Amino acid sequence: MIFEQVATGGCQSYLIGCPETRQAALIDPEESRADRYLALAAQDGLTIRFLIDTHTHADHFSGAAALARRIGAARVRHRAAPAPGVSMRVDDGETILLGKLRIGVLHTPGHTADSMCLLLPDRVFTGDTLLIGGTGRTDLPSGDPEQLYDSLFDKLLKLDPALQVYPAHDYKGRSHSTIGDEIASNPRLQVRERAAFVAMMRNLNLSAPTHLTEALRTNMSGGKTVAQMLAEAEAQVPFMAMAELRSRLDAAPGALIVLDVRERDAYEAGHVPGARLLPRGQLELRVNQELPDPTARIVCCCEFGRISTLAAATLHQMGFSRVVALDGGMKAWREAGMPLAQGPAG
Ligand SMILES: [Fe+2]
């Protein structure tokens with residue numbers, strides 16, 4: 001078997017390939033590492049057929065949907081997974097054929113209702129059901145400590161103790177352990193009595209993972225993250241450096257339209273001299289009165305340079321072919337000592 005492990009922070013992704021047919025599956029891809037996975041597959045001469053998420057992740061963004069669109073591979077999830085756009089839904093006891101390899105599916109709810117473990121002859125990919133020296137938490141949406149107890153003690157821990165354990169997370173840089181090692185030394189698995197185990201899981205009082213709501217929203221719905229919206233906008237419009245804008249304003253003040261898309265109070269407190277005010281929230285409403293010339297050269301600006309990028313992309317989509325966004329926002333403009341005007345729009 002061809003095998004690659006890719007750690008991204010604490011997240012672990014796995015590329016497994018059949019050496020005879022060169023077919024591969026990518027387990028728990030992380031959104032930011034798509035190019036890395038594709039490069040590894042190319043280096044190993046593999047074609048990725050399956051993109052498998054072991055469960056609905058709450059702490060990072062799954063790369064499966066975007067990769068599926070990009071390379072045409074099938075997305076595989078447990079049948080309880082809420083995500084749309086899944087090509088193959090699997091359940092307990094079923095087998096995924098990967099060339100000559102056979103990947104067994106174990107439904108192991110508890111961390112989430114759609115958690116599954118993936119079984120190969122010498123190893124098991126445990127998702128967040130079993131971690132090295134830990135288990136997944138059960139206090140996030142669809143988590144259930146009673147189910148986790150059953151999944152661990154009645155299912156996973158009954159597998160061959162020599163099986164290697166590859167989890168979806170490890171925050172200490174370890175690559176794997178074995179079922180036997182976990183039974184012997186994983187602190188949570190020493191609590192073998194059901195009620196005590198459930199009570200322990202209910203009283204962990206863990207803090208919520210960063211990006212929780214955004215990760216759940218996008219992983220469950222297939223929607224976009226704010227970072228993806230910004231990246232798409234950045235790919236649509238050019239930017240103008242602050243010094244470039246200043247020298248152009250000095251040379252020919254009326255040659256371009258500086259469009260300030262912040263709210264009125266922010267504009268009045270300090271704006272680029274000659275800038276027009278058109279708050280982002282009113283852009284579509286007032287665009288026809290305010291910007292009659294679709295060939296005008298427009299520079300969008302806002303406080304931090306992000307909303308102006310989205311506004312510029314919106315104007316570009318509306319047909320303003322020469323719209324650009326200011327590289328940086330008014331905060332950076334002020335800090336650079338660039339000229340400012342105060343008061344209401346003229
Ligand atoms: Fe998880």
Side-chain angles (χ1 to χ4, degrees), residues 31-32 60-61 65-66 210-219 221-250 253-346:
E31 193 243 338
S32 64
H60 66 273
F61 305 113
T210 23
H211 313 305
L212 170 70
T213 54
E214 191 177 30
L216 283 178
R217 170 174 62 74
T218 57
N219 290 340
S221 69
K224 290 174 185 170
T225 65
V226 175
Q228 284 169 332
M229 302 279 291
L230 268 173
E232 287 175 11
E234 282 168 6
Q236 281 179 42
V237 291
F239 287 77
M240 185 176 284
M242 292 192 293
E244 179 73 20
L245 175 59
R246 182 186 186 169
S247 69
R248 282 174 183 268
L249 290 174
D250 287 347
L256 46 76
I257 297 170
V258 178
L259 196 67
D260 194 320
V261 300
R262 296 174 299 166
E263 295 302 313
R264 179 174 298 278
D265 52 352
Y267 173 91
E268 290 181 356
H271 53 263
V272 175
R276 294 197 206 168
L277 170 65
L278 180 48
R280 165 80 195 291
Q282 296 178 30
L283 191 59
E284 289 85 349
L285 203 63
R286 289 173 45 198
V287 63
N288 292 338
Q289 298 116 271
E290 301 287 331
L291 301 168
D293 179 4
T295 65
R297 191 153 199 203
I298 302 166
V299 184
C300 290
C301 64
C302 68
E303 186 63 12
F304 298 108
R306 291 193 280 269
I307 298 300
S308 56
T309 304
L310 295 170
T314 301
L315 287 170
H316 179 81
Q317 287 166 19
M318 290 177 181
F320 292 88
S321 53
R322 298 183 70 206
V323 66
V324 305
L326 182 65
D327 188 8
M330 290 307 296
K331 181 171 186 289
W333 182 270
R334 289 192 301 272
E335 286 168 3
M338 296 290 196
L340 285 168
Q342 266 95 31

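This is a predicted model, so every value here is computed, not measured.
- Not one N or O on the side chain of E214 forms a donor-acceptor pair closer than 3.5 Å with the backbone of H211.
- Other residues, nucleotides and ligands contribute at most 12 non-hydrogen atoms within 6.0 Å of the CZ atom of R306.
- Minimum heavy-atom separation, A233 to A313: CB-CB, 3.6 Å.
- Between R264 and P279 there is no side-chain heavy-atom pair separated by less than 4.5 Å.
- Under the 3.5 Å distance criterion, the side-chain polar atoms of Q342 are matched with a main-chain donor or acceptor of A269.
- A distance of 6.5 Å separates CZ of R286 from CG of L277, quoted to the nearest 0.5 Å.
- Residues passing the salt bridge (charged side-chain N to carboxylate O under 4.0 Å, His left out) test with E232 are K224, sequence neighbours excluded.
- Counting heavy-atom neighbours within 6.0 Å of M229 CE, excluding the residue itself, gives a total of 12 or less.
- With rounding to the nearest 0.5 Å, the separation of CZ in R280 from CG in L259 is 12.0 Å.
- Here the CG-CG distance, from L249 to L256, works out to 5.5 Å after rounding to the nearest 0.5 Å.
- When only modelled atom types and interatomic distance are considered, E31 and Q228 share a side-chain donor-acceptor pair under 3.5 Å.
- When side chains are defined from C-beta on, W333 counts as touching P339, because their heavy atoms get closer than 4.5 Å.
- Note: R276 CZ to H271 NE2 = 13.0 Å, rounded to the nearest 0.5 Å.
- Shortest non-hydrogen contact noted between V299 and L245 is CG2-CD1, 4.2 Å.
- Annotation for R217: atom CZ counts as buried by contact number, over 12 foreign heavy atoms lying within 6.0 Å.
- Nearest heavy atoms, M242 versus A336: CE-CB, 4.3 Å.
- Separation of atoms NE2 (H60) and CG (N219) is listed at 7.0 Å; rounding is to 0.5 Å.
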For this session: For side-chain contact (heavy atoms from CB on, under 4.5 Å), just list the numbers for R248 and M240, CA-CA rounded to whole Å, side-chain angles, deciding distance to a tenth of an Å, and then say yes or no.
Result: CA-CA 10 Å; R248 282 174 183 268; M240 185 176 284; 3.8 Å; yes
Donor-acceptor pairs under 3.5 Å, side chain of residues 314-328 to any protein atom, not counting sequence neighbours: which ones?
residue : atom : partner : partner atom : Å
T314    : OG1  : L310    : O            : 3.0
Q317    : NE2  : Q236    : OE1          : 3.3

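- Atom CG of D260 is separated from atom CD1 of I257 by 13.5 Å, given to the nearest 0.5 angstrom.
- V272 places a side-chain heavy atom less than 4.5 Å from the side chain of M330.
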